[in-house]
Number of protein chains: 2
Amino acid sequence: MNVIVDPELQSALEIVKGAHAQRKTLLLVGACRVDYKGRAESKLGLGDRILIVKEDGAVLVHRPTGYEPVNWQPGGCMFSTQLVDDKLVIRAIRPKPHETLTLTFKKVNLAAQLDLTDRSAFELYATEEEMQETILLDPSLVEPGFRPIAPEKRVKPGFMDVYGMDRSGTPVVIEIKRKTAGREAVLQLWKYLQELRSQKTANIRGIFMAPKLAKGAQRLLETLKLEYKPLSPKRCAEILNKEKGRKLLRYL
Amino acid sequence: MNVIVDPELQSALEIVKGAHAQRKTLLLVGACRVDYKGRAESKLGLGDRILIVKEDGAVLVHRPTGYEPVNWQPGGCMFSTQLVDDKLVIRAIRPKPHETLTLTFKKVNLAAQLDLTDRSAFELYATEEEMQETILLDPSLVEPGFRPIAPEKRVKPGFMDVYGMDRSGTPVVIEIKRKTAGREAVLQLWKYLQELRSQKTANIRGIFMAPKLAKGAQRLLETLKLEYKPLSPKRCAEILNKEKGRKLLRYL
DNA sequence: GAGTGGATTTCGCAT
DNA sequence: ATGCGAAGTCCACTC
């Protein structure tokens, strides 16, 4: 890590160039103007802002208030930095669509090259597992009268299933997807159903639960005479939150 | 400004509390875990991140790559900070919807309280004037066969007009708004049309161009038998960019 | 205060 | 590569 407080622009320039060269995260705080030109155009006069240039070339310019950056660029930018007329000019160029974001620093209060190591996986809930829990908690999410019999282990990595019976006693296999499901997910359910049908009765329903179905997945689903019931991870998290404290009933 | 490099957690705590107390922007770089619970839930294991807490209580947690914050809170958060088990725990609580974002710092590499002054107005183009230019440049934006006759000066501050003729030779008055137009904007066009109709022929069309119409404005527009054609500044900026280099034809 | 639609949306997945 | 739809979307504005 390399931090300088109230650096001369020349020193700040070195920090900036060093960060770019080593593909490290750059942090710059100071008074600057910001100009953007590309899909749209914007201008922002002199003021104190925080500039972050990440390892992948993503650029963020933050004002002292607000969640959103006032200007930005997604990752993959190229950079050109130089001292011009006693000002530190940092130009971020995005190839496609062609855009340029220009920061002109009059004064730098804080310049830092950061060595950030971050290998952790980000997990957003509700997971498919929690979606499964949610269905066991409130089986009416599937349909009125649905009764879960057994939560199943994954058939293939990435899938979660629930077995149950509908109100008329017909076996039901449920496949859950955390996000928009594609054809392959529907095929998985189909394959699974086929296996069960060969082992047991042919009278089994298959219900696909996901926030959404891709177009091709929907066609396939109709062709295979499977059913679809929308269910989002968000909805599940809400229900789990609300029902928190209750015991999760397990069925055999 | 108050910056400490590689502070003890106790010193970092003081920086954090000081920043909150004085409503200053807080900058924290270090190894932390991040937990979010609210509309959804998320977990992020130990890793190096940048934390920004802004003057308005907006919270941003950034990993070393990517445009988007991995976790965040919009402005208006309350905070509780403390040392727990040799870790610096910062909790941001959002009242509505009720959400909590918890950062658990194991090590702080950089802690800063920033005094940022930023009073400049952010300007995003295209302006109404540029939207007008765009229509003169590509009259088909209004409708096929439209021919501009004269760009007009503003009738009232905030408005731009274009005069022209449609393909059948009927005079057309165009009113432009940079953003969603309300009733008063439609009334302006109406007033203007009335004036022209009293002076010249009664056979004049009025076309309103804006990214969107407010509901009330749309009702009024229908009542007054005016027309509406969507046009966004973004679209204009794109066209202006594309057609850049061409001469802007002026009509008398 | 709830609802609606735009965004320099970004991002991801299907086509 | 292109395009469509979701997002913990956020935000501004209408009702």
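In what follows, every chain begins at residue 1, and chains take the letters A, B, ... in the order their sequences are listed.
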Separation of the C1' atoms in dA6(D) and dC10(D), to the nearest angstrom: 14 Å
Across all chains, not counting sequence neighbours, the ring-ring contact (aromatic ring centres under 6.0 Å, His included) partners of F146(B) are none
Assign each of K96(A) and S42(B) the nucleotide of DNA chain D bearing its closest heavy atom; nearer the 5' end lies the nucleotide of K96(A)
So what does F122(B) touch, heavy atoms closer than 4.0 Å: a base, only the sugar-phosphate, or nothing? base
Starting from P on dT9(D), measure out to OH on Y36(B) and report it in whole angstrom. 7 Å
In whole angstrom, give me the gap between the C1' atoms of dT10(C) and dG6(C). 14 Å
How would you list all residue pairs meeting side-chain hydrogen bond (donor to acceptor under 3.5 Å, both in side chains) that involve residues 58-69 of chain B, not counting sequence neighbours? K54(A)-H62(B), D118(A)-R63(B)
Would you say R23(A)'s side chain and E55(A)'s backbone share a donor-acceptor pair under 3.5 angstrom? yes
Would you mind reading off the distance between K54(B) atom NZ and dC10(D) atom C1', rounded to a whole angstrom? 13 Å
Would you mind reading off the distance between L101(B) atom CG and dC10(D) atom C1', rounded to a whole angstrom? 16 Å
Could I get the full list of side chain to side chain contact (heavy atoms under 4.5 Å, CB included) partners for P97(A), not counting sequence neighbours? R39(A), R94(A), E99(A)
Backbone of L46(A) reached by a side-chain donor or acceptor of S120(B) within 3.5 Å: yes
Any donor-acceptor pair, under 3.5 Å, between the side chain of E41(B) and the base of dG8(D), if you only look at N and O atoms? no
List the residues meeting salt bridge (charged side-chain N to carboxylate O under 4.0 Å, His left out) with D48(A), not counting sequence neighbours, and say none if there are none. none
Filter on salt bridge (charged side-chain N to carboxylate O under 4.0 Å, His left out), then keep only pairs touching residues 71-82 of chain B, sequence neighbours left out; what's left? none
Kindly write out the residues that satisfy ring-ring contact (aromatic ring centres under 6.0 Å, His included) with Y228(B), not counting sequence neighbours, or none if the list is empty. none
Expressed as a whole number of angstroms, how long is the span from K177(A):NZ to dC13(C):C1'? 11 Å
In residues 62-74 of chain B, which ones come under 4.0 Å of DNA chain D, going by heavy atoms? N71(B), W72(B), Q73(B), P74(B)
Once side chain to side chain contact (heavy atoms under 4.5 Å, CB included) is applied, do any residues pair with E222(A), and if so which ones, sequence neighbours excluded? Q218(A)
Interatomic distance, R39(B) CZ vs dT9(D) C1' [rounded to whole Å]: 8 Å
Write out a two-atom table: protein N or O, nucleotide N or O from nucleotides 4-6 of chain D, distance below 3.5 Å.
none

